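This is a predicted model, so every value here is computed, not measured.
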Amino acid sequence: MTSAWLPSLQAALGLHGLGGAELWGLFVHFLSLSLLAMGGAIATVPDMHRYLVGQHGWLSDAEFTGSVALAQAAPGPNVLFVAVLGWNVAGVAGMLAAMLGIMVPSCTLAWLVNRWGTGQREARWMQLFTAGLTPLTIGLLCATGWVLTEPVRPHPATWALIAITLVVMLRTRWSPLWLIALGGVVGACGWV
């Protein structure tokens, strides 16, 4: 009799068949990614894709890409895509596991480093450390772009958009919003 309420509780929490061990694994994985999120949580998308799509099969390529695109199109913080991914994996429980995992360590570390590093800002070692993070961040963001273009990579228009974006970003001071709008027009016309 007492177990009759369990399925309705799981549905209300949005567990979608994931048990505590899977939710704990989701939390721990996103916790570890939090410490690699140089350039923001978006830089860890390739490993999120590997974990959620490749390793566990909780999302398809299209669901993953759609989740990231939906959250990035919405106003608000860049990290909202993590909540959408967690929601699509395991409802409310997945959203909480993913968001707490990605936010708590990086926020705590940033707070501690900021308190300690404020007086160290002009130190040579701090400037070198910061300069060393730049290529790491660029590499992680390129990997993110590669993963997110997977569903549309076979289309020639995708490669044209990538080339145009690279040239415009390297040679002009145009806002990236123009390139995002161009990509939206190409997609709306069905060319990709």
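Of all non-hydrogen atoms in T172 and V168, the two that sit nearest each other are OG1-O, 2.6 Å. Across all their heavy atoms, V84 and S67 have their closest contact at CG1-CB, 3.6 Å. Summarising the geometry of A97 relative to F27, their closest heavy-atom pair is O-CD1, 3.4 Å, with the distance given to 0.1 Å. Taking all atoms of both residues into account, the shortest heavy-atom contact from E22 to G19 is OE1-N, 2.7 Å. Across all non-hydrogen atoms, the minimal contact from G94 to L26 is O-CD2, 3.7 Å. Heavy atoms only, all atoms of each residue included: G132 and P135 are closest at O-CD, 3.3 Å.
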Steps toward side chain to side chain contact (heavy atoms under 4.5 Å, CB included) verdict (H29, D47): CA-CA 9 Å; H29 189 77; D47 197 68; 2.7 Å; yes
Side chain to side chain contact (heavy atoms under 4.5 Å, CB included) assessment of T65 paired with E150: CA-CA 9 Å; T65 303; E150 180 152 0; over 6 Å; no
Side chain to side chain contact (heavy atoms under 4.5 Å, CB included) assessment of Y51 paired with L33: CA-CA 11 Å; Y51 184 76; L33 289 178; over 6 Å; no
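Distance check, rounded to the nearest 0.5 Å: OG1 of T165 to CD1 of I180 gives 9.0 Å. For the atom pair CH2 of W87 and CG of L80, the computed distance is 14.0 Å after rounding to the nearest 0.5 Å. Going from atom CG of L179 over to atom CD1 of I164 covers 8.5 Å, rounded to the nearest 0.5 Å. Between the CG atom in L136 and the CG atom in L141 there is a gap of 9.5 Å [rounded to 0.5 Å]. The line from CG of D61 to CG of L148 is 10.5 Å long, rounded to the nearest 0.5 Å.
Proximity of a side-chain donor or acceptor of Q72 to a complementary backbone N or O of A69 within less than 3.5 Å is not detected.
There is no path of hydrophobic side-chain contacts, each under 4.5 Å, that joins M169 to I162. Under a hydrophobic clustering in which Ile, Leu, Val, Met, Phe, Trp and Tyr are joined whenever their side-chain heavy atoms come within less than 4.5 Å, directly or via other members, W24 and L31 fall into the same cluster. Following chains of ILVMFWY side-chain contacts shorter than 4.5 Å, one can reach F64 starting from I42, so the two form part of one hydrophobic cluster. A chain of hydrophobic side-chain contacts below 4.5 Å, direct or via other Ile, Leu, Val, Met, Phe, Trp or Tyr residues, connects M48 to L23. V28 and L35 are not part of a single hydrophobic cluster, where members link through side-chain heavy atoms under 4.5 Å apart.
Each of L59, L70, L52 was checked for a side-chain contact (heavy atoms from CB on, under 4.5 Å) with N88, and the lone residue meeting it is L59.
Counting side-chain heavy-atom gaps under 4.5 Å among Ile, Leu, Val, Met, Phe, Trp and Tyr, the cluster of W111 also holds L112.
Shown here is W125, whose CH2 atom has more than 12 heavy atoms of other residues, nucleotides or ligands within 6.0 Å.
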Output side-chain donor-acceptor pairs under 3.5 Å for residues 101-110, partner residues at least two apart or in another chain, one line each.
| unit_1 | atom_1 | unit_2 | atom_2 | d |
| --- | --- | --- | --- | --- |
| S106 | OG | S34 | OG | 3.1 |
| S106 | OG | I102 | O | 3.0 |
| S106 | OG | M103 | O | 3.4 |
| T108 | OG1 | V104 | O | 2.7 |

Could you give the side-chain donor-acceptor pairs of residues 151-160 under 3.5 Å, partners two or more places apart or in another chain?
| unit_1 | atom_1 | unit_2 | atom_2 | d |
| --- | --- | --- | --- | --- |
| R153 | NE | T149 | OG1 | 3.3 |
| R153 | NH2 | W146 | O | 2.4 |
| T158 | OG1 | V152 | O | 2.5 |
| W159 | NE1 | R153 | O | 2.8 |

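No side-chain heavy atom of T144 sits under 4.5 Å from any side-chain heavy atom of H49.
Aromatic ring pairs are classed by plane angle as parallel below 30°, tilted from 30° to 60° and perpendicular above 60°; the pair H56 and W58 is parallel.
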